[in-house]
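To keep things clear, I will list the structure first and then write my remarks on it.
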2 protein chains.
Amino acid sequence: MTNNSKTLLYKTITDLTEISASSLDKLFEIANKRQLTKGETILKEGQICKNIMFVEKGYVRTFIDKDGTEINTDFTFEGNFTTNLKSLRSASSADNSIQAGEITTLYEFDKDKLLELYNVSAEIESFGRKLLEQLLIAQEEHTNLFKIYSPTERYQYLQTSKPEILQRISLSQLSSYLGIARETLSRIRKK
Amino acid sequence: MTNNSKTLLYKTITDLTEISASSLDKLFEIANKRQLTKGETILKEGQICKNIMFVEKGYVRTFIDKDGTEINTDFTFEGNFTTNLKSLRSASSADNSIQAGEITTLYEFDKDKLLELYNVSAEIESFGRKLLEQLLIAQEEHTNLFKIYSPTERYQYLQTSKPEILQRISLSQLSSYLGIARETLSRIRKK
DNA sequence: AAGTTTTTGTGACGATTATCACAGGTAAAA
DNA sequence: TTTTACCTGTGATAATCGTCACAAAAACTT
C-alpha cells in the first residue's frame, strides 16, 4: 500500500521514532492491508508465524489451547503490533493462535521483507528496536501483576490502568487473561 | 576494557549476532567491568537506571518492595543481560532494585554511550534488537506460566525447564518469583 | 418476535493456598 | 566452638479460589 498519513499506522510509527519519508514509504510498501470478520483466524497453533501485524481497527485475541480450553494470553487493540515472536524468529511452529475479536482491519508485515528493510535502512531497524523495547516493558509490567497482586487486586489494577479492556472484553474472555476462574471474576466484579 | 575473546560476554554476543571485529571492539570499549560482593546493590528503587548490565559470573536478583516485603521479579545468571528498561528508556525513577546474589562480575554498558554506538554501527543496533527479541520471548513464556499453570505446576515446570534456578536460588527467594507463599512452596517441594 | 446461542450470576461444596506461630536445621560470623 | 542470623519444615486455622450445576440475562439469528 502507499503511505497514507491518515492511518493510525502512520501515527503510531512516527510517534515512536524519528523516520524519514523514504523509509516510511518503504515500510508502507511492504504493508499488506487485510480485513477480518469476527472470529476469523490469523495464526493457528502449529503454523509458522510469518509476519508482524498492526491492528488499525478492532482487536485480536491471542490464546493457547490447554486441554480443550482456550486461555487468553493477550489482547491487541488498535494502534498496537502483535506477532508470535518465538515462531517468527526461529521458524518454529506456534504454540498459540490469534484471531479477530471484532471486525478488524490490520496491516501485515512479512518477516523476510522486514528483515531486508532492516539491512537497507538503519532507521527502520531502529524502529524495530524501539517497538520491541515498548513491548518488553509492557510485558514485564503484566508479569509483575501476577507476582505482586492477588486475583482481586489484579482486577482492580486493570480498572484503573486499562479500563478500556474491561469495556471491550467479555468477562469470560478476561478471566483466563487474569488467571482467574470465570465465576470468581464475576464475584469479584460484583463488589 | 579491551576485546577479550575469552569472556562469556564475547561468546554471548557473537552467538547472538553476526558482528565485525571493529563493532565488537566498540562495544568492549564502553563496557565497564565491575566486581560485586554478595548483597551489593546495583540499582536502588527510586534511582534512574543508566545502564545495561551483563552478568559474567554469579547472578543478580531483581525485586520490588511491596509494603516492606521483597518480591523477586527476576534472577539474571551468567551469560545474560539485565536492566530496568522502563527507567532506562524514559529516565524515570525505578520501581525496583537489583542486587548481587553472590560474588558477581558484571559488565556495565552506559545507556548514552550505547545509543551513540547504535547511530554509528548498524550491526550494533541489530545486536540490540536481537537481544530485545530474546528477552521478550523469555518474558512472554514466563508470563504464560501464571496463566496456564497452578502453583504446583509452575514449580514442576521450573524443574524440567530451568533446573539450575532451583539449585542456586533458595526456597524463600524463589517463592515470590513463582507467586507462591514460602510455606506452600516448601510443601509442594516435599512431594 | 420467537428461538437459539452465548454470556453472566449464584449457590453449594471441596480443594488449594495464605497466614501465623514456632521448632529445628543450616550456614556464616565471632 | 559458640553465637548469631537466616532458611526450612510443619501444624493449625481461616480465607480464597476453583469446580460443578443450573438459572437468568443478554446478545445474536432467523
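Letters A, B, ... are given to chains in the order of the sequence lines, protein chains preceding strands, and every chain is numbered from 1.
For Tyr157(A) and His142(A), the distance between ring centers is not under 6.0 angstrom.
Side-chain atoms of Lys44(A) and Ser97(A) form no donor-acceptor pair, as typed in the model, at a separation below 3.5 Å. Residues Glu40(B) and Thr37(B) bring a donor and an acceptor atom of their side chains to less than 3.5 Å of each other. Checking Glu123(B) against Ser20(B) by side-chain atom types alone, a donor-acceptor pair falls below 3.5 Å. Side chains of Ser150(B) and Thr152(B): no donor on one and acceptor on the other come within 3.5 Å.
Rounded to an integer number of Å, the gap from Glu153(B) CD to dT17(C) C1' is 15 Å. The distance between atom NZ of Lys38(A) and atom P of dT5(C), rounded to the nearest whole Å, is 16 Å. Whole-Å rounding puts the Ile169(A) CD1 to dT7(C) C1' distance at 14 Å. Between the OH atom of Tyr155(A) and the C1' atom of dT8(C) there is a distance of 13 Å, given to the nearest Å. Tyr149(A) has its OH atom 18 Å from the P atom of dA18(C), to the nearest Å. Atom CD of Glu102(A) and atom P of dC28(D) are 11 Å apart (whole Å).
Minimum interatomic distance between Leu106(A) and Val55(A) (heavy atoms only, all atoms of both residues): CB-CA, 4.2 Å.
For the salt bridge (Lys or Arg N to Asp or Glu O under 4.0 Å) test, residues two or more places apart in sequence or in another chain that qualify with Lys66(B) are Glu153(A).
Between Leu158(B) and Ile165(B), the closest side-chain pair of non-hydrogen atoms falls below 4.5 Å.
Scanning atom types as modelled, no donor and acceptor separated by under 3.5 angstrom connect the side chain of Glu183(A) and the base of dC17(D).
If you check residues 184-191 of chain B against DNA chain D, the residues with a heavy atom closer than 4.0 Å are Ser186(B), Arg187(B), Arg189(B), Lys190(B), listed by number. Taken residue by residue, residues 171-182 of chain A places heavy atoms nearer than 4.0 Å to DNA chain C at Leu171(A), Ser172(A), Arg182(A).
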